[in-house]
Amino acid sequence: MKRRILVLLLALATACSMTACGGGAESSVTDGETSSASTSAEAESASGSSLASEEEAILAAVPAEAREDCVAYLTDGVMSNDTVVITLDGVDITADMFIYFLSYYETYYMLMFSSSGYDVSLEDSYSDDMTYADLFIQIAEDASVQMAVARKLAEDAGVAFTEEDQTSLEESMADLTESDLLYLGANEAVMEDLFTCTIYGNAYQLAVYGEGGSEEITDEMTEAYAEENGYYNCRYILFNAVDLEGEELEAVQAEAQACYEALSQLSGDELVEEFQAQQAELNENGDTEEYYVGPSSDLSFGDTVLALEEYQVGITDATDYGYFVVLRLPLGEENLSSVKQDYADELFSAVISDTVSAADITYADVLEELDYTAFFDALAALQETIGSAS
């Protein structure tokens with residue numbers, strides 16, 4: 001049975017916005033609305049009861065030892081939840097964090113390989129001196145250290161943990177079930193720690209790189225970063241030439257060229273409006289929206305767009321799909337905000353990397369003593385138990 005894999009990393013602990021509601025207004029709820037609300041509440045209650053029953057059935061199938069201390073259960077007592085496995089500048093990182101990341105990455109990537117049709121085993125070579133199991137162990141150690149550093153950076157910078165942050169933490173924790181945590185060898189304490197580290201990391205970025213911060217990222221800096229790293233916003237019209245040759249291919253090329261030349265005569269709002277009209281009429285794939293592209297994209301028309309100024313039209317050479325007539329547009333406020341966050345993430349990652357490099361880090365011998373093959377087998381068995389009971 002396909003299980004929901006928890007993605008409990010930095011991006012998941014987002015701040016919750018609170019809206020104040022004024023009082024004193026007269027109620028205008030009708031009988032019909034009251035009835036509808038009541039019916040909805042009853043349905044929600046029934047659904048909650050069903051989920052609670054399912055959770056009880058799953059937990060009944062899980063060995064009591066796993067619920068008591070999942071790390072000890074999965075490692076045959078070599079570690080427990082509270083075993084210190086890494087020390088960073090005097091800060092202890094316990095086994096429950098390391099085991100969570102190890103379980104998460106192994107589960108996520110092996111599922112991804114399987115769903116993509118790749119037959120990969122943990123014993124297969126990832127590189128000349130590393131198996132996939134070794135890779136996941138290394139990633140888990142690094143993730144545990146980086147998470148601790150994110151919190152340490154924020155605390156050292158005097159970043160406060162606000163009431164809003166506490167609300168966000170409580171809401172994030174409320175979404176978790178014990179069976180979901182056990183599926184990845186985790187417990188509530190470590191997830192609360194991870195969410196807290198995440199919130200601290202986000203708060204650090206806001207305090208340092210946000211408006212008024214000591215290293216504020218301005219709109220001008222963001223625009224320069226976007227230009228340097230290949231972010232852009234555009235519209236495109238595809239003239240499909242797949243499997244065409246000779247006169248048919250020449251006809252499509254001529255149509256694309258004529259469209260390009262006509263649009264090139266326009267400017268400003270008139271250009272945008274006419275491009276949208278042509279897009280709706282001619283685009284072979286029916287796409288009529290703006291297209292925001294990040295640096296990891298490798299699109300047939302990307303280089304052509306990047307060579308243009310804003311509000312300038314271009315045309316590609318022949319591609320595997322045909323010809324594209326493109327219009328480069330400003331990033332816009334929403335996209336600029338997204339680029340700014342990417343920029344902040346990059347700077348934050350660099351600070352974390354520098355901090356890790358300068359830190360005094362000690363890895364406990366118990367990390368070498370653990371039988372990782374037996375651990376992964378125990379994890380798979382526990383996941384099968386939970387999956388079968390779901």
Side-chain angles (χ1 to χ4, degrees), residues 7-18 81-102 104-105 137-173 186-219 221-222 225 337-364 366-367:
V7 186
L8 302 176
L9 303 176
L10 282 175
L12 279 187
T14 55
C16 175
S17 62
M18 302 294 290
N81 286 332
D82 298 327
T83 301
V84 176
V85 294
I86 304 172
T87 303
L88 176 120
D89 287 342
V91 175
D92 290 338
I93 300 172
T94 51
D96 50 4
M97 182 176 288
F98 167 71
I99 290 298
Y100 162 74
F101 279 121
L102 181 60
Y104 167 76
Y105 282 112
I137 294 166
Q138 182 66 65
I139 293 175
E141 290 177 354
D142 291 347
S144 300
V145 167
Q146 290 165 10
M147 192 65 73
V149 166
R151 179 171 184 164
K152 185 175 186 298
L153 283 169
E155 290 177 335
D156 289 349
V159 173
F161 199 83
T162 66
E163 291 185 9
E164 185 177 358
D165 291 333
Q166 183 62 36
T167 299
S168 176
L169 172 62
E170 292 171 359
E171 290 178 349
S172 296
M173 292 299 297
N187 57 65
E188 285 193 0
V190 73
M191 295 318 306
E192 183 170 339
D193 193 14
L194 287 167
F195 279 130
T196 300
C197 291
T198 300
I199 292 170
Y200 266 122
N202 291 339
Y204 175 89
Q205 288 196 45
L206 185 61
V208 175
Y209 307 122
E211 184 176 356
S214 58
E215 300 177 37
E216 179 183 352
I217 300 174
T218 63
D219 288 351
M221 292 169 62
T222 305
Y225 177 83
S337 177
S338 178
V339 176
K340 187 176 292 188
Q341 183 59 59
D342 287 351
Y343 194 3
D345 288 342
E346 182 177 307
L347 293 176
F348 187 47
S349 294
V351 172
I352 286 180
S353 179
D354 291 344
T355 304
V356 170
S357 296
D360 179 15
I361 303 177
T362 303
Y363 296 88
V366 71
L367 289 169

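Just so we're clear, the structure is a prediction, and the values are computed from it rather than from any experiment.
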Practice task
Please work out which of the three classes, parallel, tilted or perpendicular, describes the rings of Y209 and Y204, given edges at 30° and 60°.
Solution key: perpendicular

Practice task
Compare every heavy atom of V85 with every heavy atom of L367, then report the nearest pair and how far apart it is.
Solution key: CD1-O, 3.5 Å

Practice task
Could you grab the distance from atom CD of E170 to atom CD of E192, nearest 0.5 Å is fine?
Solution key: 8.5 Å

Problem - Nearest-0.5 Å distance, OG1 of residue T362 to CG of residue D92 - result: 10.0 Å

Exercise for the section: Check whether more than 12 heavy atoms from other residues, nucleotides or ligands sit under 6.0 Å from atom CD of E155, and answer yes or no. Expected result: yes

Practice task
Could you please spell out the steps behind the side chain to side chain contact (heavy atoms under 4.5 Å, CB included) verdict for T218 and K340?
Solution key: CA-CA 8 Å; T218 63; K340 187 176 292 188; over 6 Å; no

Completion exercise
Closest non-hydrogen contact found for A186 with V190 is CB-CG1, 4.0 Å

Problem - Gap separating the CG atom of N202 from the SG atom of C197, nearest 0.5 angstrom - result: 11.5 Å

Practice task
Hey, could you give me the CE/OH distance between M221 and Y343, rounded to the nearest 0.5 Å?
Solution key: 4.0 Å

Exercise for the section: Using modelled atom types only, decide if a donor and an acceptor are shared between the side chain of E216 and the backbone of G212 within a distance under 3.5 Å. Expected result: yes

Completion exercise
Residue set satisfying salt bridge (charged side-chain N to carboxylate O under 4.0 Å, His left out) with D193, at least two apart, ordered chain then number -> R151

Handout entry: side-chain contact (heavy atoms from CB on, under 4.5 Å) partners for A359, two or more places apart
Key = L88, D89, I361

Problem - Non-hydrogen atoms of V145 and I93 that approach each other most closely - result: CA-CD1, 3.9 Å

Completion exercise
Residues M97 and L194: closest non-hydrogen pair is CE-CD2, 3.7 Å

Practice task
Tell me, with the steps shown, if T196 and L169 meet side chain to side chain contact (heavy atoms under 4.5 Å, CB included).
Solution key: CA-CA 7 Å; T196 300; L169 172 62; 3.7 Å; yes

Completion exercise
Here the gap from S337 atom OG to D219 atom CG, rounded to the nearest 0.5 Å, amounts to 9.5 Å

Problem - Q146 CD to F348 CZ distance, which is reported to the nearest 0.5 Å - result: 10.0 Å

Handout entry: Closest contact, heavy atoms only, I199 versus S168
Key = CD1-OG, 4.1 Å

Problem - I137/F98 under side chain to side chain contact (heavy atoms under 4.5 Å, CB included): CA gap, chis, key distance, verdict - result: CA-CA 9 Å; I137 294 166; F98 167 71; 4.3 Å; yes

